[in-house]
Amino acid sequence: MKCRMCGFEFDETKLENRGCSSCGKHGCNSIHCPNCGFANSPELDQEFEFIKKLKNKIRKKSAN
């Protein structure tokens with residue numbers, strides 16, 4: 001995973017304290033960057049990927 005705040009790349013599956021244990025919130029599902037502590041949301045990454053794919057499809061149709 002790449003942190004959206006500082007750009008640090010890390011393997012979220014190898015973090016000891018991820019998600020709620022790092023921030024104290026319950027049910028946040030965020031993965032905190034070991035470099036800066038920013039709460040990255042895996043769901044948000046999936047939404048951005050969907051938006052990127054949708055934009056590419058629209059561009060291809062408008063180019064034709």
Side-chain angles (χ1 to χ4, degrees):
M1 169 177 269
K2 185 174 183 178
C3 178
R4 286 189 302 280
M5 179 65 76
C6 70
F8 183 72
E9 292 191 35
F10 60 96
D11 185 356
E12 69 273 11
T13 61
K14 295 184 179 180
L15 294 177
E16 288 183 30
N17 296 322
R18 60 176 280 188
C20 295
S21 61
S22 295
C23 69
K25 293 180 183 178
H26 299 287
C28 73
N29 295 326
S30 295
I31 300 170
H32 293 264
C33 175
N35 188 48
C36 70
F38 182 74
N40 294 280
S41 174
E43 292 84 14
L44 191 59
D45 287 341
Q46 291 171 354
E47 289 177 27
F48 280 134
E49 190 60 35
F50 171 76
I51 292 170
K52 286 180 191 176
K53 288 178 183 178
L54 187 60
K55 283 174 58 177
N56 286 336
K57 283 185 180 184
I58 292 170
R59 283 185 185 143
K60 286 179 184 178
K61 283 191 174 191
S62 65
N64 292 332

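The residues of the chain are indexed from 1 along the displayed sequence. Values below: every heavy atom of this structure, side chains too, minus hydrogens, waters and symmetry copies.
Residues F8 and I31 are members of one and the same hydrophobic cluster, defined by side-chain heavy-atom contacts under 4.5 angstrom among Ile, Leu, Val, Met, Phe, Trp and Tyr.
Contact between H32 and G37 at its shortest, heavy atoms only, is ND1-O, 3.2 Å.
In this view, L54 and F50, I58 satisfy the side chain to side chain contact (heavy atoms under 4.5 Å, CB included) rule, not counting sequence neighbours. With sequence neighbours excluded, the residues satisfying side chain to side chain contact (heavy atoms under 4.5 Å, CB included) with K55 are I51, R59. Remark: E9 pairs with K2 by the side chain to side chain contact (heavy atoms under 4.5 Å, CB included) rule, at least two apart or across chains.
The side-chain heavy atoms of S41 and R4, taken from C-beta on, include a pair separated by under 4.5 Å.
In this structure, CD on E12 lies 12.0 Å from SG on C3, to the nearest 0.5 angstrom. To the nearest 0.5 Å, atoms NZ (K53) and CG (N56) are separated by 10.0 Å.
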